[in-house]
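Written out below as structure tokens is the structure these notes cover.
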Amino acid sequence: MKVLVIGGDGYCGWATALYLSNRGYEVGILDSLVRRHWDNELGVETLTPIAPIGQRLQRWQDLTGKSIDLFVGDITNYEFLSKALHQFQPNAIVHFGEQRSAPFSMIDREHAVLTQVNNVVGTLNLLYAMREDFPDCHLVKLGTMGEYGTPNIDIEEGYITIEHNGRKDTLPYPKQPGSMYHLSKVHDSHNIHFACRIWGLRATDLNQGVVYGVLTEETGMDELLINRLDYDGVFGTALNRFCIQAAIGHPLTVYGKGGQTRGFLDIRDTVRCVELAIANPAQAGEFRVFNQFTEQFSVGDLALMVKKAGNAVGLNVEINNLDNPRVEKEEHYFNAKNTKLLDLGLQPHFLSDSLLDSLLNFAVKYQKRVDKKQILPKVSWHRN
Ligand code: NAD
Ligand code: USQ
């Protein structure tokens, strides 16, 4: 089975490409490397020293004897995309290749437009390329739990059955995203749903929660295979940031009251969920939605857990409730379903003391690379 991983040089994509290659899939990576460029523009580096993509792939081949094809280019360029697909002839396409930071998308008009054009046009090009020449290929698209927002009712997996004026239908679950980035994912979901309904394509939207952790079996094999681990105020995500902050003695940056509750998962489950989706493809014409997270936590509770784990390894950890730079509910109901991937056989790695220990140790190992000026949030959702 041939799987093309779009965005395969990124955090989730790199881990997934190696995992699938190790499991015997024929893997290709397509990536424009634009994320490395955005890091340069922002003046930030990942905590971990990631090798150039060519060196990464060479090392993987030297270690395992498995080769991964590489296509460097931008999926908003239709000609490039179509050519790469014809060369590789995928049976499944895993699409991670988007601008994925909410703060980045909220910097200003230019970054909002960049985010939505990059994400929506890239995905639209992919849908057209599939419609033209690869109508049986299965699209596994990374969506996000943040598409739903924080409604005061349970969150279903993609669809909700509604009774209205005596009639009943199962309809897409209402979406109330909280950033220009999260909105781009909603637009993608609508476009993919359309392509399945009208053209008969098959797709799975993986509404993923916030990912944490850095090590997978494959990326831990050699330092040249190391994965990125973002800690800065733009691309760093909650739990990863808290562990790195704890390691360098920076107070944990809980935004506002800290009651914001989200779905979370270990990166070792990200790679497995993607494999489960590929191995059990959607039917022709089906737009399937899986909520991809294993546990729910409030950011305040996560900070307390990191403080406790830090104290246990001798770190002095403080928690600082900052003015929230985002506009979001800080206390709310949150109860999301996540049974579809479990039904397919997912065995979750729940957040544990040992995982927090290993993340903290990882952060301590690379702490010299941390630029402390990049930790506090600089992007605001507020009008002034
Ligand atoms: P990342 O920034 O580490 O990786 C994304 C990769 O896509 C980068 O290597 C980038 O160069 C590439 N890319 C971006 N636009 C492209 C384009 N137009 N053409 C070709 N390549 C392009 O991001 P990530 O954390 O690995 O996230 C991957 C996907 O998973 C994203 O779609 C994101 O929305 C989703 N997701 C991530 C998380 C998380 O916590 N990291 C959680 C939920 C969902
Ligand atoms: N938060 C803090 N302190 C921090 C960082 C974040 O309190 O230092 C809070 C935020 O205000 C927010 C929550 O933690 O309430 C999550 O923020 P985040 O930056 O960890 O995650 P988010 O912006 O939602 O985006 C990340 C990924 C994105 C993915 C999304 C999944 O960057 O690609 O789509 O997680 S989800 O949140 O489920 O939509």
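Each ligand, and each atom within it, is numbered from 1 in the order the structure gives.
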Could you tabulate the donor-acceptor pairs under 3.5 Å formed by side-chain atoms of residues 160-170, not counting sequence neighbours?
from   : atom 1 : to     : atom 2 : distance (Å)
Thr161 : OG1    : Thr170 : OG1    : 2.9

(request) Please verify whether a non-hydrogen atom of Glu147 lies at under 4.0 Å from ligand 2. (result) no
(request) Decide whether an N or O pair under 3.5 Å exists between Tyr255 and ligand 2. (result) yes
(message) Tell me whether Arg35 forms a cation-pi arrangement with Phe235, defined as NZ or CZ under 6.0 Å from the six-membered ring centre and within 45 degrees of its axis.
(response) yes
(request) Looking only at distances, please establish whether an N/O atom of ligand 2 is found under 3.5 Å from an N/O atom of Glu328. (result) yes
(message) Under a 3.5 Å cutoff, is there a donor and acceptor pairing between the side chains of Gln260 and Tyr255?
(response) no
(request) Could you tell me which atoms of ligand 2, counted from 1 in the order shown, lie closer than 4.0 angstrom to a heavy atom of Thr253? (result) 2 (C), 3 (N), 4 (C), 7 (O), 8 (O)
(request) Look at Lys337 together with Glu157 and state whether they make a salt bridge at an N to O cut-off of under 4.0 Å. (result) no
(message) Checking side-chain polar atoms at under 3.5 Å, does Glu147 have a donor or acceptor matched by the opposite partner on Ser189?
(response) yes
(message) What I want to know is whether Phe242 and ligand 2 share at least one N or O pair that is separated by under 3.5 angstrom.
(response) no
(message) Are Tyr148 and His182 an aromatic pair, judged by ring center distance below 6.0 Å?
(response) no
(request) State plainly whether the residues Asp69 and Lys2 are in salt-bridge range, i.e. N to O under 4.0 Å. (result) no
(request) Provide, to 0.1 Å, the distance between atom 14 (O) of ligand 2 and the closest protein heavy atom, together with that atom's residue and name. (result) Val299 CG1, 3.1 Å
(request) Scan residues 355-368 for pairs that pass side-chain hydrogen bond (donor to acceptor under 3.5 Å, both in side chains), counting only residues two or more places apart or in two chains. (result) Glu223-Tyr366
(message) Between Phe104 and Tyr181 (judged by ring centroids, cut-off 6.0 Å), do the two rings come close enough to count as a pair?
(response) no
(message) Between ligand 2 and Tyr181, can you find any atom pair, the residue atom being a heavy atom, that is separated by under 4.0 Å?
(response) yes
(message) For Trp199 and Tyr128, I'd like to know if the aromatic rings sit close, meaning centre-to-centre distance below 6.0 Å.
(response) yes
(request) Using a strict 4.0 Å cut-off to heavy atoms of Gly209, name the atoms of ligand 2 that fall inside it. (result) 31 (C), 38 (O)
(request) Identify the protein heavy atom lying closest to atom 28 (C) of ligand 2, giving its residue, its atom name and the separation to 0.1 Å. (result) Arg100 O, 3.3 Å
(request) Just need the protein heavy atom nearest to atom 35 (O) of ligand 2, so name the residue and atom and give the distance. (result) Val210 CG2, 3.6 Å
(message) Under 4.0 Å, counting heavy atoms only: does Gln208 come that close to any atom of ligand 2?
(response) yes
(request) Would you mind checking which non-hydrogen protein atom is closest to atom 38 (O) of ligand 2, with the distance to 0.1 Å? (result) Met145 CB, 3.2 Å
(message) Considering only residues two or more places apart or on different chains, which pairs with a residue in residues 105-130 satisfy salt bridge (charged side-chain N to carboxylate O under 4.0 Å, His left out)?
(response) none
(message) So that I can tick it off, tell me whether Lys185 and Asp205 are bridged by a salt bridge, with the cut-off set at under 4.0 angstrom between side-chain N and carboxylate O.
(response) no
(message) I'd like the residue list for ligand 1, meaning every protein residue with a non-hydrogen atom under 4.0 Å from the ligand.
(response) Gly7, Asp9, Gly10, Tyr11, Cys12, Asp31, Ser32, Leu33, Val34, Arg35, Gly73, Asp74, Ile75, Phe96, Gly97, Glu98, Arg100, Asn118, Leu142, Gly143, Tyr181, Lys185, Gln208, Gly209, Val210, Val211, Arg228
(message) Starting from atom 17 (O) of ligand 2, what is the nearest protein heavy atom, named by residue and atom, and what distance separates them?
(response) Arg326 NH1, 3.5 Å
(message) Is there a polar contact between ligand 2 and Gly146, counting only N or O atoms under 3.5 Å apart?
(response) yes
(message) Quick test of your reading of the model: are Glu218 and Lys66 salt-bridged, counting only N-O distances below 4.0 Å?
(response) no
(message) I want to know if ligand 2 touches Thr144 in the polar sense, i.e. an N/O pair below 3.5 angstrom.
(response) yes
(request) Check whether any N or O atom of Ser101, backbone or side chain, sits under 3.5 Å from an N or O atom of ligand 2, and answer yes or no. (result) no
